[in-house]
Amino acid sequence: MKNNSEDRITPPELYFGRRKFMQAAIAAGSIVATAGTYRLFNPTSTPMAESAPLQNLGSTELSDAERLQRGFLVDEERTDERSILTYNNFYEFTTNKERVAAAAMNFQTDEWTLEVGGLVQQPKSFSLAELQAISPLEERVYRMRCVEAWSMVIPWNGFPLSRLLEIVQPTSEARYLAFETLFDPQRMPGQKTDVLDWPYVEGLRLDEAMHPLSILAMGIYGKQLPPQDGAPVRLVVPWKYGFKGIKSIVKMTLTSMEPPTSWNRFAPNEYGFYANVNPTVAHPRWSQATEQRIGESGRRKTLLFNGYEEQVASLYNGMDLRVHF
Ligand SMILES: Nc1nc2c(c(=O)[nH]1)N[C@H]1C(S)=C(S)[C@@H](COP(=O)(O)O)O[C@H]1N2
Ligand SMILES: [Mo]
């Protein structure tokens, strides 16, 4: 999503349609020009961390019809696991999407703590075991739409963010929730560069954070979240652009004022605080009307609120979505 680094990155339609692309290239006699691309992205050989199966998967009492209606399940083909694990944005490791998995493979998260404080009655530092004990992990199959106009369908395992907030009990003054990623340049070498101000920060309005679709994810496809996707715990808010889904969270703070967010700080005219998916509000440098679903050929129409309009539109009643983009 960053101007200078994105230019170096091969567009996904090239390597996800690699076989076709290679055939076309061979036919055109230009194999030499494509060899580099092929070497760069070969998902079957990308070294990455092995993820253990999750122990505390919960069975949902809801029928599939109810899950569909609530937006917990989407009636579209799931993106294959390999693509989800090998095509990532995580600038703490590298700005090259195809290299994040390898760059993050030795990232250790065993002694993790998540500190929750600010305007709460019960501030608490959660160990990983305590986080996992909050709730059995439900499966949520959500669309994921990056602001760069590619998308996936990801089966997350997680629990509603509201469950954690109920434990710490926000005070009546709390109106926003601020998030912070780990800052540790030894473990996250991308933090030795200045592509962004570190640590990565994000925020939600408290009613957005309390919405049943907002989850803290600890797994994908029934296995522990791998480092490249934000281990050990990351935010998922499916009606917003992917960059709101802050990874590897160490701190959450309830506040009365709108907290700063990394991409808004970086380019306030390009990335708003709300970042709700909206096909009618173009990014200043590209349209948001359509998207490339990873693994598909051709483009899909982008849906208002990423297809979750029925569930979330009421959060924004009376707001001008062009002003609060
Ligand atoms: N800490 C942190 N969180 C982050 C990012 C990042 O660079 N650092 N990238 C964001 C962006 S732009 C996207 S699209 C998603 C990508 O999530 P995925 O790699 O699991 O698909 O993570 C988001 N969360
Ligand atoms: Mo993104």
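Just follow the structure's listing: the first ligand is 1, and inside any ligand the first atom is 1. Heads up: numbering here begins at 1 and tracks the sequence.
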Sequence-distant partners of Tyr241, ring-ring contact (aromatic ring centres under 6.0 Å, His included), two or more places apart =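 Tyr241 satisfies ring-ring contact (aromatic ring centres under 6.0 Å, His included) with no other residue.
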
Could you check whether any side-chain N or O of [X] sits under 3.5 Å from a backbone N or O of [Y], counting only pairs where one atom can act as donor and the other as acceptor?
{"X": "Trp263", "Y": "Glu202", "result": "no"}
{"X": "Asn157", "Y": "Leu137", "result": "no"}
{"X": "Trp112", "Y": "Ile249", "result": "yes"}

Between [X] and ligand 1, is there a nitrogen or oxygen pair with a distance under 3.5 Å?
{"X": "Glu92", "value": "yes"}
{"X": "Asp229", "value": "yes"}
{"X": "Cys146", "value": "no"}
{"X": "Trp150", "value": "no"}

N-O pairing of Arg70 and Glu138 below 4.0 Å =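 No salt bridge links Arg70 with Glu138.
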
Using a 4.0 Å heavy-atom threshold (strictly under), name the region of [X] that reaches ligand 1: side chain, backbone, both or neither.
{"X": "Met144", "answer": "side chain"}
{"X": "Met152", "answer": "neither"}
{"X": "Asn88", "answer": "both"}

ask   = Quick one: are Glu309 and Leu304 in side-chain contact, heavy atoms under 4.5 Å?
value =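 In short, these two side chains touch, coming nearer than 4.5 Å.
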
inquiry  = Using side chain to side chain donor-acceptor pair (under 3.5 Å), reason through Gln224 and Ser51 one step at a time and then give a plain yes or no.
reply    = CA-CA 5 Å; Gln224 278 171 16; Ser51 286; 6.0 Å; no

inquiry  = Would Gly245 count as a contact residue for ligand 1, given that I'm defining contact as a non-hydrogen atom of the residue lying under 4.0 Å from a ligand atom?
reply    =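 Yes.
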
task = Take every heavy atom of Arg234, measure it against each atom of ligand 1, and state whether any distance is under 4.0 Å.
result =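 So Arg234 counts as touching ligand 1.
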
inquiry  = List the residues meeting side-chain hydrogen bond (donor to acceptor under 3.5 Å, both in side chains) with Asn56, not counting sequence neighbours, and say none if there are none.
reply    =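 Asn56 satisfies side-chain hydrogen bond (donor to acceptor under 3.5 Å, both in side chains) with no residue once adjacent residues are dropped.
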
query = Taking atom 10 (C) of ligand 1 as the point of reference, which of Tyr91, Tyr200, Trp156, Phe90 owns the nearest heavy atom?
reply =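 Among Tyr91, Tyr200, Trp156, Phe90, the closest heavy atom to atom 10 (C) of ligand 1 comes from Tyr200.
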
query = In ligand 1, which numbered atoms sit nearer than 4.0 Å to a non-hydrogen atom of Thr181?
reply =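 Going through ligand 1 atom by atom, the ones under 4.0 Å from Thr181 are 1 (N).
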
